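Numbers restart at 1 for each chain; the letters A, B, ... are given by sequence-line order, proteins then strands. Being a predicted model, the structure only gives us computed values, none of them experimental.
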Amino acid sequence: MYMPPPSALVLSRKAEIVARLQDALPADAVIDDAAETLAYECDGLAAYRCPPLAVVLPRTTAEVSAALRICWELGVPVVPRGSGTSLAGGAMPTADCVILGVARMNAVLETDYDSRFIRVQSGRTNLSVTGAVEADGFFYAPDPSSQLACAIAGNIAMNSGGAHCLKYGVTTNNLLGVTLVQMDGTVVDVGGPWMDAPGLDLLGVICGSEGQLGVVTEATLRILPKPEGARPVLMGFDSSEGAGACVSAIIKAGILPVAIEFMDRLLIRVCEDFAHAGYPDCEALLIIEVEGSPEEIDEQLSRIKTIAAAHNPVAVRESASEDEAKKIWLGRKSAFSAIGRISDYMCLDGTIPVSSLPYVLRRIGELGTEYGLAVGNVFHAGDGNMHPLILYDANKPGDLEICEALGAEILKLCVEVGGCLTGEHGVGIEKRDLMGVQFTPEDMEAQMRVKDVFDPKWLLNPAKVFPLDLSDSRRR
Amino acid sequence: MHPTSEQELAEAIRDARGPLYIRGGGTRSLGAVEGDMLATGGLSGITLYEPGALTLVVQAGTPLATVEAALAAENQRLPFEVPDMRVLRGSQGNSTIGGVVADNASGPRRVQVGACRDSLIGIRMVNGRGSVIKNGGRVMKNVTGYDLVKLMAGSRGTLGVLTEVSFKLQARPEAEATLRITGLASDVALAILRRCLGSPYDVSGAAHVDAGATVADTLTLIRIEGLAGSVAYRAGELARLTGDCDVVADEESAALWRDVRDAAPFASMPGAVWRLSVTPGKAMVVPDALSGAGIPHRRLWDWGGGRLWILAGPDAASHAADTIRTAVAGIGHATLVRPVAGMANDAGEATEPATIAALSRGLRTAFDPRGIFNQIKA
């Protein structure tokens, strides 16, 4: 992955930059020691690493504003970082950048059950948002697999999804307001605990802007009352076509499960070894979860099973206990780490129209054979968000390059059938050079003009999202 | 101008010599807008409808009625319950789907499934430079590049002319029911709505109508939808939270919610009407301020208190505007939906903070550098 060479001018001014930051921030909030900055050299896309110039770890919005203002004055690029779990390189540093990490900003600022919102500092982890309200019967809906570690700041930057967004939507559908600090230090409050914007929906364009428009320091999030109960059912099929057709039939019938997850044989075996969830050994497995009272769950599951029967499932099993349900989800949510135990892998994230599932799965298999690499599939089938996992050997020269070439082919296939390059992980550096597959130069120009408005100097997370040749004149 | 293709529209915009007034069905007029009319009705037709994927792609000038009929034939619908503003505003014409998006028009189900912007998954548009731009697409999960889809929803034609819009759809539920309570004081009713929305029973509508002369005339409504057995069960559970109520189903229930959606009780009453979006727990703040100032008004709460329609009679309208502007600042925002003669277009609306205004202005200039789209007359 090509990154532009670091600015020699910025590198030469390191001492001055660090001194200015140390003047403005508490002593322990600025890190410039080469051994310590190494901890920030990569995010979840660990194939690419580069230690930053320095790291700042502010505790307040005012400190974030001061740090950004200094970098703005000195022309230093800033890469915002939540928990560093991005799979797309969204928080990957450059040698001339300051990493602005919000991990120390993890307080709950306000909870209001009458108005059903929680206001948190953005470094708070996704799962601990729910943790703050669940004793009172509420939860925060978006649930990316990394929810134990990932920060709300990163969720907002990437507009993260999760397994249950089929019913509850993704981050943007559950975000009511943010405090955003612009690159020049300006603090802007966007939205609030009410619904929708009076003028332009700035919140809508900030969410998913990959840390390129500003640093979100606080967020007002919609919380929902917990359902009475939930129960997953496992359905095995002897072909992915059968599973795909079953998904479509369930959706068309007007039943809205909270989640419909798909795994192919490779993933079923790997996840079963990891979680011992009792997954049936078959070509394709669906995990379908419904919510409600026990009677409501029974009613929905019985209808789902009737629909599924027409698609010849080879196994159907309802979870019989809370513990079993937990294991079923543990297996699914651990898919990436489980496969990481057996091989290096690259995780893709394209979305396709649900109707194209069987065709795309077949083509992915063919492409894998062509490139000589195994591809496993685990994904959110209800909304067509695929996660093909390409297995490769990082120690074998040339294997990463073959893997990336195969990945690019698979993502092009997703766009070809009417889908997109990324459903929930973001573009980052990983898909930056593929943007032209999905967008025309004018489409991207319109997006880059949005960044021009928020960050005219293009200092925030600059060499990402847009192909470098298109953003070149702006980044100089 | 009446372009019949995206290309023709792009050329017309490139060639435009002065301001343009973008018009879909003309049912949600923006007030007095300058310039030549640019009618979108020539961009009409359903591009793609996949019921099995709950996906619709449709040209922006397509009449809303055409869209709704096509979806009804497959027992599906737009999730966000589009308000029909013709009754309240006394406007004619037929809404277009592009107008619905430009207004981010959303009804009672907002509390459960979100606004129009939450169901909108893709757009095509022509910006003020005459460039054709697409964003989003036809899939539900898409974070590729910036989300200009959300930015276009509710932008009221100030960034560009929509040519095509895509939605995720919803299956029509098998059953619906509404719990109805009469004669509750507003604060009591709002507390009940909050209790219901804080319960696990998946409420899809929560309204309190205080449009009559006395408390005895008030109507408190809580709606649930879904599989028949589940609706019956949840109606029973919710009734424990509400106390005395009666339950109406299906068409009778639907009619109640059409009235809430359209603020229909205010249609026949003279005066100015505002639509407010406020922090739900602060639903009484603006009405209390009006009452405190001795301004007679009627009110209708939707979204469990988060949306508030206010009517003030012709004589009280300008006084009410000042009070609303002050009271809504910091807890939400207000839009004047039906002015009375002599009122400014933005009477009662709180001013945007300077930081937000600067960003909005910057974006408008980025999309429409000549400032030709939907400029409100000074």
Side-chain angles (χ1 to χ4, degrees), chain A residues 112-116 158-159 161 169-170 172-173 186 188 193-202 204-205 207-209 225-228 248 251-252 254 292-293 295-296 299 351-355 383-385 418-424 426-427 435 438-439 442-443 446-447 449-450 452-453, chain B residues 50-55 75 104 110 114-115 117-118 127 131-135 137-148 150-151 153-155 171-174 194 197-200 227 229-230 233 277-281 303 306 331-333 335 349 352-353 355-356 359-360 362-363 366:
Chain A
D112 184 333
Y113 298 120
D114 272 354
S115 302
R116 297 176 303 284
M158 295 312 200
N159 189 14
V170 297
T172 191
N173 311 113
T186 306
V188 193
W194 50 87
M195 285 174 265
D196 305 327
L200 293 182
D201 189 352
L202 301 181
V205 77
C207 188
S209 61
K226 273 198 291 197
E228 286 182 87
S248 202
I251 289 173
K252 182 141 195 303
S293 67
E295 296 75 22
E296 287 176 286
E299 185 182 12
T351 307
I352 57 165
V354 179
S355 49
D383 47 35
N385 186 191
C420 65
L421 298 172
T422 170
E424 57 182 1
V427 177
M435 284 284 276
Q438 189 175 330
F439 293 115
E442 289 200 320
D443 293 338
Q447 297 176 36
R449 283 203 184 99
V450 172
D452 294 344
V453 173
Chain B
E50 260 191 37
L54 296 175
T55 312
N75 207 25
N104 189 30
R110 171 77 181 89
R117 54 96 83 180
D118 295 294
N127 68 9
S131 307
V132 175
I133 291 159
K134 73 165 178 302
N135 197 261
R138 53 176 276 213
V139 290
M140 291 181 201
K141 271 171 90 182
N142 184 349
V143 297
T144 322
Y146 294 171
D147 193 345
L148 305 184
K150 301 279 184 301
L151 190 61
S155 64
R172 281 175 180 276
E174 182 178 287
R194 286 198 294 268
L197 283 168
S199 78
L227 300 181
S230 162
Y233 163 75
S277 183
V278 297
T279 306
W303 304 352
I331 61 161
H333 51 87
T335 305
E349 298 177 20
E352 282 183 329
T355 46
I356 298 278
L359 289 170
S360 299
L363 289 173

Main-chain N/O of B:L148 paired with B:N135 side-chain donor or acceptor, under 3.5 Å: yes

Got a sec, which residues hit side chain to side chain donor-acceptor pair (under 3.5 Å) with A:T422, two or more places apart in sequence or on another chain? A:D349

Can you tell me how far OG1 of B:T279 sits from CE of A:M195, rounded to the nearest 0.5 angstrom? 9.5 Å

Among A:V354, A:T351, A:L200, A:D383, residue most engaged with chain B (heavy-atom pairs, under 4.5 Å): A:L200

Residue set satisfying salt bridge (charged side-chain N to carboxylate O under 4.0 Å, His left out) with A:E295, at least two apart, ordered chain then number -> none

Top contributor to chain B contacts, counting heavy-atom pairs under 4.5 Å, from A:T186, A:N173, A:D452, A:V427: A:N173

Of the listed A:G208, A:C207, A:G254, A:S209, the one with the largest count of heavy-atom pairs under 4.5 Å with chain B is A:S209

Determine yes or no for a side-chain-to-main-chain donor-acceptor pair under 3.5 angstrom, with A:Q447 supplying the side chain and B:Y146 the backbone. yes

Side chain / backbone / both / neither for B:P51 at chain A, heavy atoms under 4.5 Å: both

Relative to chain A, which of B:G362, B:S230, B:G281 shows the most heavy atom pairs under 4.5 Å? B:S230

Between B:A366, B:A115, B:A171, the one whose heavy-atom pairs under 4.5 Å with chain A are most numerous: B:A366

Distance col, row A:E424:CD vs B:N142:CG, nearest 0.5 angstrom, shows 11.5 Å

Using a 4.5 Å cut-off on heavy atoms from C-beta on, say whether the side chain of B:I356 contacts that of B:S360. yes

Interface moiety of A:V205 toward chain B, non-hydrogen atoms closer than 4.5 Å: both

Using a cut-off of under 4.5 Å for heavy-atom pairs, which of A:D196, A:I352, A:L421 has the most such pairs with chain B? A:D196

Shortest non-hydrogen contact from B:S131 to A:E442? OG-OE2, 3.3 Å

Would you mind checking which part of A:N385 comes under 4.5 Å of any heavy atom in chain B, side chain (CB onward), backbone (N, CA, C, O), both or neither? side chain

Considering all heavy atoms, the nearest A:S355-B:R138 contact: OG-NH2, 4.2 Å

Per-residue contact mode, A:P227 against chain B (heavy atom under 4.5 angstrom): backbone

Taking every non-hydrogen pair under 4.5 Å, which of A:P198, A:G419, A:P353, A:G161 racks up the most with chain B? A:P198

Most heavy-atom pairs under 4.5 Å with chain A, out of B:R172, B:E174, B:M140, belong to B:E174

Given a strict heavy-atom distance threshold of 4.5 Å, which part of B:S277 is in contact with chain A: side chain, backbone, both, or neither? both

A side-chain contact here means heavy atoms from C-beta on lying under 4.5 Å apart; do B:K141 and A:V170 qualify? yes

Measure the CD-OH distance between A:E228 and B:Y233 for me, rounded to the nearest 0.5 Å. 3.0 Å

Answer key: most heavy-atom pairs under 4.5 Å with chain A among B:R117, B:E349, B:E50 is B:R117

Which bit of B:L197 is near chain A, if near means a heavy-atom gap under 4.5 Å: side chain, backbone, both or neither? both

One option among B:V139, B:N75, B:V278 has the most heavy-atom pairs under 4.5 Å with chain A, and it is B:V139

Selection from B:T55, B:N104, B:L359 maximising heavy-atom pairs under 4.5 Å formed with chain A: B:L359

What's the spacing between A:L202 CG and B:K150 NZ if we round to 0.5 Å? 14.0 Å

Heavy-atom contact with chain A under 4.5 Å, split by part of B:D118: both

Please state whether the side chain, the backbone, both or neither of A:M435 comes within less than 4.5 Å of a heavy atom of chain B. side chain

